[in-house]
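Lettering follows sequence order; numbering is per chain, from 1. In this text, all values refer to a predicted model and were calculated from it rather than measured experimentally.
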Protein chains: 2
Amino acid sequence: TKLYITLGVCLAGRFEEEFIKMRMERLQAWMTRMCRHPVIAESEVFQQFLNFRDEKEWKTGKRKAEKDELVGVMIFSTMEPEAPDLDLIEIEQKCEAVGKFTRAMDDGVKELLTVGQEHWKRCTGPLPKEYQKIGKALQSLATVFSSSGYQGETDLNDAITEAGKTYEEIASLVAEQVITVQFQFKISVYLFSLKPILTLLIPFHFYISQGAIEKVKESDKLVATSKITPQDKQNMVKRVGTMSYALQAEMNHFHSNRIYDYNSVIRLYLEQQVQFYETIAEKLRQALGRFPVM
Amino acid sequence: TKLYITLGVCLAGRFEEEFIKMRMERLQAWMTRMCRHPVIAESEVFQQFLNFRDEKEWKTGKRKAEKDELVGVMIFSTMEPEAPDLDLIEIEQKCEAVGKFTRAMDDGVKELLTVGQEHWKRCTGPLPKEYQKIGKALQSLATVFSSSGYQGETDLNDAITEAGKTYEEIASLVAEQVITVQFQFKISVYLFSLKPILTLLIPFHFYISQGAIEKVKESDKLVATSKITPQDKQNMVKRVGTMSYALQAEMNHFHSNRIYDYNSVIRLYLEQQVQFYETIAEKLRQALGRFPVM
């Protein structure tokens with residue numbers, strides 16, 4: 001469980017920078033994410049970060065963490081996967097699959113954000129303006145009708161005026177609701193995308209594993225020239241296997257979070273959309289109810 | 001009741017031209033409007049137009065109608081308004097009020113059609129494309145997620161795929177519904193605007209009355225130079241008063257139709273809008289229902 005202490009140090013240093021740059025809600029959600037991580041959440045450094053009371057206590061903890069020698073690849077030496085050893089081909093395939101998935105997911109999320117952005121831009125800009133214009137045009141028409149001097153059209157003109165006002169309300173509703181939804185959705189998708197977890201943890205495993213795989217591949221030459229023994233090579237493969245298991249564990253944790261998070265964010269988005277369209281329908285139904293039945 | 005026979009002739013002639021130019025639904029609605037007119041509906045020519053069985057019958061009727069001498073201002077000579085005589089100032093005010101109202105209504109209706117047009121243009125063009133893109137982006141994301149190799153996310157991915165398809169359905173729904181609504185609304189507003197009735201009947205009264213008023217104004221000079229007697233002038237005022245009553249009767253008929261028609265068309269529009277937004281809300285609610293509760 002000392003495993004991620006090193007990472008904890010990186011994270012703690014990073015927190016100091018991010019504290020200023022990150023917006024509160026991003027930080028909050030990111031923090032939740034970190035707390036959900038089974039290893040990070042229990043690491044000494046993370047606990048110390050969450051609980052320190054003054055500058056002095058913080059510096060002491062930081063200095064202690066900096067003395068930790070289990071940095072970089074060394075953390076893998078603390079791991080003992082309770083699973084069969086893997087051969088190099090299996091390891092390579094697993095690493096490649098992770099790389100492929102992360103790239104595809106990055107593209108998929110970017111695409112969704114791009115089309116969403118385009119849609120929301122229109123929804124906050126021209127669309128409310130149009131609803132407003134329709135509202136104004138209806139109200140003008142009611143004013144013209146009122147000037148006819150003809151008796152018995154007060155009900156109709158009042159109803160048209162109210163329908164006009166309803167369209168103006170819908171204009172504000174569209175603008176406001178879209179801004180809220182857009183904000184929440186962007187934040188969520190950003191947070192649940194690869195950025196916060198993957199840029200910190202996954203690449204750490206991923207690139208180390210990839211580098212290690214390359215080294216193991218070169219080791220055949222070293223065995224051939226008797227620079228290392230076949231047993232040394234076997235140990236190298238075993239270590240890379242451990243890295244691969246660690247990467248897989250990290251990915252599994254990521255996937256389970258991803259499933260939960262995307263389910264939540266899309267549910268929330270759809271709920272808001274349903275409510276949004278129902279509110280519009282209800283407002284229009286009320287406007288409709290004001291028209292006299294003839 | 002012979003009053004509008006002349007107009008009937010004009011109309012009959014016009015029908016022949018309009019028959020080709022006018023679209024079926026416009027003609028239908030225009031016909032309904034004519035049938036609703038208390039005088040036109042009962043006029044001989046109109047009845048003959050509705051009932052003629054062959055070319056020969058039609059030509060006979062037309063020729064008979066063409067012999068009618070009550071054309072132009074002459075139709076007013078058949079009217080006996082059962083109301084007090086009006087003085088010139090009252091007559092002028094009434095005519096001006098009609099002119100003012102028709103111009104204002106024309107502007108109001110044009111404004112509504114313009115903003116509607118702008119809105120519908122956007123709704124049929126970019127908006128469905130955006131919904132389609134959102135639908136596609138969601139489906140792509142589900143495909144990416146499915147490639148994770150992680151167990152137990154089939155429900156989520158199926159739900160995201162369905163949500164994507166729902167957005168594609170909404171895209172078609174927006175495009176189709178908007179086209180229907182736009183068409184109906186435009187046709188209705190066109191029909192219930194000044195065009196069909198006013199360009200045929202109201203201006204007929206309106207311009208004749210205005211011309212007549214000018215003549216009566218000039219008649220003071222004629223009386224001064226003894227070219228007509230004061231009694232002649234009095235008769236002229238009386239005739240213009242009759243025209244003014246006829247104009248008012250036409251306007252009253254127009255107003256009562258307008259109130260009924262605008263009430264119907266706006267009710268219909270709002271009903272369709274309510275149904276439209278409720279359908280979207282329902283579709284999204286179904287999409288939402290497919291997401292697993294975690």
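- Counting heavy-atom pairs under 4.5 Å between each of Tyr277(B), Tyr131(B), Tyr260(B) and chain A puts Tyr277(B) at the top.
- At a threshold of 4.5 Å between non-hydrogen side-chain atoms, the residues Lys110(B) and Asp106(B) count as touching.
- Interface check for chain B: of the options Glu111(A), Glu271(A), Gln151(A), the most heavy-atom pairs under 4.5 Å are formed by Glu271(A).
- Side-chain atoms of Met105(B) and Phe254(B), non-hydrogen and from C-beta on, do get closer than 4.5 Å to each other.
- Taking Lys136(B), Glu282(B), Glu118(B), Lys129(B) one by one and counting their heavy-atom pairs under 4.5 Å with chain A, the maximum is reached by Glu118(B).
- At least one side-chain heavy atom of Met251(B) sits less than 4.5 Å from a side-chain heavy atom of Phe101(B).
- When side chains are defined from C-beta on, Glu278(A) does not count as touching Glu278(B), because their heavy atoms never get closer than 4.5 Å.
- Heavy-atom distances place the side chain of Leu156(B), and not its backbone, under 4.5 Å from chain A.
- Taking the six-membered ring wherever Trp is involved, the centroid distance between the rings of Tyr150(A) and Phe145(A) does not fall below 6.0 Å.
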* Asked: Given Tyr262(A) and His255(A), is the ring pair (Phe, Tyr, Trp, His ring centres under 6.0 Å) satisfied, shown in steps?
  -> CA-CA 10 Å; Tyr262(A) 271 84; His255(A) 286 318; over 10 Å; no

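- Among the candidates Asn157(B), Thr166(B), Asn252(B), Val293(B), the residue making the largest number of heavy-atom pairs closer than 4.5 Å to chain A is Asn252(B).
- Counting heavy-atom pairs closer than 4.5 Å to chain B, the top-ranked of the candidates Ser140(A), Gly149(A), Ala159(A), Ala104(A) is Ala104(A).
- Two residues are said to be in side-chain contact when any heavy atoms from C-beta on lie closer than 4.5 Å; Phe291(B) and Asp155(B) fail this criterion.
- With a 4.5 Å cut-off on non-hydrogen atoms, Leu288(A) touches chain B through its backbone and its side chain both.
- With chain A as partner, the option from Ile280(B), Asn263(B), Val274(B), Val115(B) having the largest number of non-hydrogen pairs under 4.5 angstrom is Asn263(B).
- Of the two parts of Ser148(A), the backbone and the side chain both hold a non-hydrogen atom closer than 4.5 Å to a non-hydrogen atom of chain B.
- Ranked by non-hydrogen atom pairs under 4.5 Å with chain A, the options Leu270(B), Ile259(B), Thr279(B), Ile134(B) are led by Ile259(B).
- In this structure, the portions of Ser256(B) lying under 4.5 Å from any heavy atom of chain A include both its backbone and its side chain.
- Between the side chain of Arg290(B) and the backbone N or O of Ala163(B) there is no donor-acceptor pair closer than 3.5 Å.
- In terms of heavy-atom pairs under 4.5 Å with chain B, the best-connected choice from Pro126(A), Ala97(A), Pro292(A) is Pro292(A).
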